[in-house]
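The structure under discussion appears below in the form of structure tokens.
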Amino acid sequence: MKEFISAGDAPNIESLVQSALQYKASPLKDNKLGSGKRIGLLFLNPSMRTRLSTQIAAQNLGMETIVFNVGQDGWALEFEDEAIMSGSKVEHVKDAAPILGKYFDVLGIRTFPSLQNKVDDYNELYINQFIKYSGIPVVSLESATLHPLQSLTDIITIRETFKEKRKPRIVLTWTPHVKVLPECVANSFAQWINAWGEADFVITHPEDYELDEKFTSGAKIIHNQAEALKNADYVYVKNWSTYNDYGKIYCNDPEWMLTNKILATTNQAKVMHCLPVRRNVELSDEVLDSPNSVVTQQASNRVWAAQAVLSEILTNKK
Ligand code: CP
């Protein structure tokens with residue numbers, strides 16, 4: 001594996017899941033694999049889970065880690081080709097990324113979408129420029145349209161909690177929010193669950209919140225949440241803004257917030273969310289604090305997902 005940007009970069013999702021579970025059982029079993037190697041973790045946006053879990057994962061493999069908050073501490077970066085840099089942007093990614101490629105062996109990068117320029121966002125302008133100019137393996141710590149370490153974590157959590165000899169029914173449900181949020185987590189979850197192929201997969205959202213078909217194709221789309229949730233084994237809760245009329249909030253119906261009442265028709269579904277979560281806006285307290293919620297287990301699995309991915313990259317580099 002050279003890059004880890006989307007599900008297509010995982011040679012085999014199930015073996016990556018099994019590798020992660022082996023690291024969970026024995027975190028330090030490869031603690032010399034990354035010896036003498038350094039990973040730079042660049043954040044253009046805030047993060048708690050991704051930042052800490054990726055550092056822990058890299059350190060479990062013996063790597064040195066350096067975190068750089070580009071958004072706060074670095075020069076403002078320009079990404080447009082042939083830009084006349086007479087404005088607030090101080091350094092072009094063409095100049096910065098090759099230097100990072102000399103300082104580090106692997107680069108992890110978190111960017112966010114503009115939510116204004118759909119073409120640039122869906123072409124992954126920012127992360128692709130780092131890939132192009134750094135010359136070293138790049139791991140997405142969430143990009144404009146995808147969050148692959150989160151999705152791998154989600155599948156690990158489903159794999160370790162589902163004990164029946166049939167495919168789980170997994171429902172991704174849109175939920176209200178107070179801010180305009182990216183489609184990354186929802187796109188990515190859909191892409192990974194479809195690529196994994198081990199689930200009966202349903203997506204439910206109000207009309208106008210259709211996601212890009214290139215990620216959802218293969219899932220059943222149902223606009224009635226109650227109907228979609230019937231017999232669900234897993235309910236993945238996430239808000240996203242509109243894809244077609246890009247970056248807008250249309251309906252923000254509080255009736256879509258996940259409550260115990262809404263969960264009643266499920267198969268005692270486990271409830272998932274990538275976090276951070278707005279309590280009593282996206283999910284009610286009663287759901288988050290109930291035994292159905294696996295959000296803490298899910299977030300803790302971020303370490304093992306990152307460790308499995310970094311291990312693949314280090315092994316391929318040798
Ligand atoms: N789920 C997730 O990516 O969390 P952070 O934004 O805290 O990293």
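Sequential numbering from 1 along the given sequence is applied to the chain's residues. In listed order, ligands and their atoms are each counted from 1.
When the heavy-atom distances from atom 8 (O) of ligand 1 to Thr50, Val277, Asn45 are ranked, the shortest goes to Thr50. Between Arg49, Met48, Arg110, Arg51, it is Arg110 that holds the heavy atom closest to atom 6 (O) of ligand 1.
Of the charged side-chain nitrogens involved, none lies within less than 4.0 Å of a carboxylate oxygen, so that Lys89 and Glu80 do not count as a salt-bridged pair. A salt bridge does not link Asp121 to Lys118: none of the charged side-chain nitrogens sits closer than 4.0 Å to a carboxylate oxygen. With respect to Arg110 and Glu142, a salt bridge is recorded, a charged nitrogen being found less than 4.0 Å from a carboxylate O. A salt bridge links Asp285 with Arg279: the closest approach of a Lys/Arg side-chain nitrogen to an acidic carboxylate oxygen falls below 4.0 angstrom. Under a 4.0 Å N-O distance rule, the pair Lys94/Asp81 qualifies as a salt bridge.
Every atom of ligand 1 with a heavy atom of Arg302 under 4.0 Å away is listed here by number and element: 1 (N), 2 (C), 3 (O). Against a heavy-atom cut-off of under 4.0 Å, Cys274 is close to the following atoms of ligand 1: 1 (N). Close approach to Leu275 involves these atoms of ligand 1, each under 4.0 Å from a residue heavy atom: 1 (N), 2 (C), 4 (O).
At a heavy-atom cutoff of 4.0 Å, ligand 1 is contacted by no atom of Leu141, backbone or side chain.
Checking Val237, Leu288, Thr266 one by one against Val271, the side-chain contact (heavy atoms from CB on, under 4.5 Å) holds for a single residue, Val237.
At the shortest separation from atom 3 (O) of ligand 1 among protein heavy atoms lies His147 NE2, 2.8 Å.
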